Amino acid sequence: MTAASSQNASTTTIRNDWTKDEVKALFDMPFNDLLFQAQVVHRQHFNPNEVQVSTLLSIKTGACPEDCKYCPQSARYDTGLEKERLLEIEKVIERAKEAKQVGSTRFCMGAAWRNPRDRDMPYIVSMIEEVKKLGLETCMTLGMLTRDQAVALKQAGLDYYNHNLDTSPEYYGDIITTRTYEDRLNTLENVREAGMNVCSGGIVGMGETAADRASMLVQLANLPEQPQSVPINMLVKVKGTPLDSVDDLDYFEFIRTIAVARIMMPKSHVRLSAGREAMNEQMQALCFMAGANSIFYGCKLLTTSNPDTHEDVMLFKKLGINTERTRDFSDEAHQQVLEEEIAQQNEPESSELFYDASKPKANTKSQQTAEA
């Protein structure tokens, strides 16, 4: 019997002292045992039939100076991505209203920057303030933050800040060279000290080893305060990036990663994030059983495709899942949205949840990726 299998499933004390050997033991558990333990932990802290729903909008697309090998928004790679400047506040608010109408409770805004510049901060602050007026939770990912910038975002009302660790410290240099692992940890520290919730996770399927996946989860769980939201992304390979031909990760290994994240970070929302379009309903259901309880609604995540909203609504209906709601989003309104989405499922077109900043002017579909 391994140390992991002998662990008392009823004990879910938050720990910040995980070792790599302990995490490896979790990954090595029989699949059914691992999912069972993850489900037990999940039920102690969350309603197992509720999933938090967010919408993600690219407020500034492309021309990023970083060299992240997975990302089509890097200016260093030719991926055919159409670059866009910072969106006007009015367009952002319009998309936020649409997101709320279809049941999202959190509106996430992402900009392809190394870090926000001082001249951009007034616009960013205004976006946060206006979205907050709609009764939505707010999240942003803008790259690295100074302490003063983090405080300014908090004062504007920002609820969450996303800044992923991406991978393990050991593998990080093979994926990114233009900012260090310590840079990422420093940004997370600035966010925590400003009083915001941390959204931080990583990307799997980038050619890393099982030990790297374990090490990444150790880094996240052993932060001074575990992230309130932990997105687990499956790499979406994009032609023109250095990772466009990396071997696919086995789906069971991805589900194991979700389950181990749930066990290690019992009170965090674990988000099933990029790569979900390639997952069938059965795989997504296993991810929910493994402890995932957050998703993005909508047909795009920054620049990568995502299941249409009505597909998620139908899957939720099959699984008996009800989305979490903000306090001013009533049960009656939620039911109306569900009924409208189900009724429209066979229509040829459905309204977009957010601005497709990467859509080419011609009628061609861009297969891009960005993890958030």
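From a predicted model like this one, the values you see are computed outputs, not experimental measurements.
When atom types are taken as modelled, the side chain of R256 and the backbone of F27 share a donor-acceptor pair closer than 3.5 angstrom. Without hydrogens or angle criteria, E129 side chain to A156 main chain gives no donor-acceptor distance under 3.5 Å. A distance-only check finds a donor-acceptor pair linking the side chain of D183 to the backbone of T180 [under 3.5 Å]. The backbone N or O of L134 sits less than 3.5 Å from a side-chain atom of K100, completing a donor-acceptor pair. For N164 (side chain) and D166 (main-chain N/O), no donor-acceptor pair under 3.5 Å exists by modelled atom type. In this structure, the side chain of S200 engages the main chain of H163 through a donor-acceptor pair within 3.5 Å. Here the side chain of N233 pairs no donor or acceptor atom with the backbone of S273 at under 3.5 angstrom. Y161 contributes no side-chain N or O that, together with a main-chain N or O of K154, makes up a donor-acceptor pair within less than 3.5 Å. Between the E253 side chain and the D250 main chain, no donor and acceptor come within less than 3.5 Å of each other. Using a distance-only test at 3.5 Å, with no hydrogens or angles considered, no donor-acceptor pair links the side chain of Y171 to the main chain of R213.
Here the shortest heavy-atom pairing between Q149 and P116 reads NE2-O, 2.9 Å. Residues G320 and N49 approach most closely at O-CB, 3.7 Å, considering heavy atoms. For T138 against G157, the heavy-atom pair with the smallest separation is OG1-O, 3.4 Å. The shortest non-hydrogen separation linking C287 to I255 is SG-CG1, 4.0 Å. Of all non-hydrogen atoms in T187 and G143, the two that sit nearest each other are CG2-O, 4.1 Å. Counting all heavy atoms, side chain and backbone alike, T55 lies closest to S104 at OG1-OG, 2.5 Å.
Grouping the Ile, Leu, Val, Met, Phe, Trp and Tyr side chains by contacts below 4.5 angstrom, directly or via other members, places I232 with L35. In the hydrophobic cluster analysis, where Ile, Leu, Val, Met, Phe, Trp and Tyr join through side-chain heavy atoms closer than 4.5 angstrom, Y123 is grouped apart from V125. Under a hydrophobic-cluster definition in which Ile, Leu, Val, Met, Phe, Trp and Tyr are linked whenever side-chain heavy atoms come within less than 4.5 Å, directly or via other members, L185 and I176 are assigned to the same cluster. Note: the hydrophobic cluster containing L165 also contains I203 (ILVMFWY, side chain heavy atoms under 4.5 Å, direct or indirect links). A single hydrophobic cluster is seen to contain both V218 and M216, as judged by linkage of ILVMFWY side chains at heavy-atom distances under 4.5 Å, directly or through other members.
Side-chain atoms of Q52 and S54, non-hydrogen and from C-beta on, do get closer than 4.5 Å to each other. You'll find the side chain of V131 reaches within 4.5 Å of the side chain of I93, heavy atoms only. Put simply, the side chain of E208 does not reach to within 4.5 Å of the side chain of E170, judged on heavy atoms. Between N162 and C108 there is no side-chain heavy-atom pair separated by less than 4.5 Å. Contact check for F46 versus R262: side-chain heavy atoms found under the 4.5 Å cut-off. Residues F107 and V92 meet the side-chain proximity criterion, which asks for heavy atoms closer than 4.5 Å. When side chains are defined from C-beta on, F288 does not count as touching I258, because their heavy atoms never get closer than 4.5 Å. Side-chain contact between L142 and L153 is present, with heavy atoms from C-beta onward closer than 4.5 Å.
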Just distance, no hydrogens or angles: give the donor-acceptor pairs under 3.5 Å from side chains in residues 188-195, sequence neighbours left out.
residue: N190; atom: OD1; partner: R147; partner atom: NE; Å: 3.4
residue: N190; atom: ND2; partner: L145; partner atom: O; Å: 2.9
residue: N190; atom: ND2; partner: N186; partner atom: O; Å: 3.4

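Surrounding CG of N16 are more than 12 heavy atoms belonging to other residues, nucleotides or ligands, all under 6.0 Å away. Shown here is F31, whose CZ atom has more than 12 heavy atoms of other residues, nucleotides or ligands within 6.0 Å. Counting non-hydrogen atoms of other residues, nucleotides and ligands closer than 6.0 Å to CG of D17 gives a total above 12. With a 6.0 Å radius and a threshold of 12 heavy atoms from other residues, nucleotides or ligands, M283 has its CE atom above the threshold.
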>> Go through it in stages, so that I can follow the logic: the residues are Q37 and I263, the test is side-chain contact (heavy atoms from CB on, under 4.5 Å), and I'd like the CA-CA distance, side-chain angles, deciding distance and then a yes or no.
In response: CA-CA 7 Å; Q37 183 166 323; I263 293 169; 3.9 Å; yes
> Between L315 and I321, does a side-chain contact (heavy atoms from CB on, under 4.5 Å) hold up when you go through it step by step?
Replying inline: CA-CA 8 Å; L315 177 58; I321 288 175; over 6 Å; no
>> For W18 and V260: C-alpha separation, side-chain torsions, deciding distance, then whether side-chain contact (heavy atoms from CB on, under 4.5 Å) applies.
In response: CA-CA 12 Å; W18 288 91; V260 174; over 6 Å; no
>> Walk me through whether I295 and Q284 qualify under side-chain contact (heavy atoms from CB on, under 4.5 Å).
In response: CA-CA 10 Å; I295 65 165; Q284 292 184 63; 5.8 Å; no
> D212 and S215: side-chain hydrogen bond (donor to acceptor under 3.5 Å, both in side chains), yes or no, with the steps?
Replying inline: CA-CA 5 Å; D212 287 318; S215 178; 5.8 Å; no
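For the pair E130 and K133, the salt-bridge criterion is met [side-chain N within less than 4.0 Å of a carboxylate O].
Interatomic distance, CG of L136 versus OG1 of T105, reported as 7.5 Å (0.5 Å rounding). The distance from atom CE of M140 to atom CG of L57, rounded to the nearest 0.5 Å, is 9.0 Å. Atom CG in N222 sits 10.5 Å away from atom CG in L217 (nearest 0.5 Å). Once rounded to the nearest 0.5 Å, the distance linking CD of Q226 with CZ of R15 reads 10.0 Å. In this structure, the separation between CG on N293 and CZ on R271 is 10.0 Å, given to the nearest 0.5 Å. Atoms CG and CG, from L286 and L272 in turn, are 11.0 Å apart once rounded to the nearest 0.5 Å.
Under 3.5 Å, the side chains of Q219 and S168 contain no donor-acceptor pair of N or O atoms.
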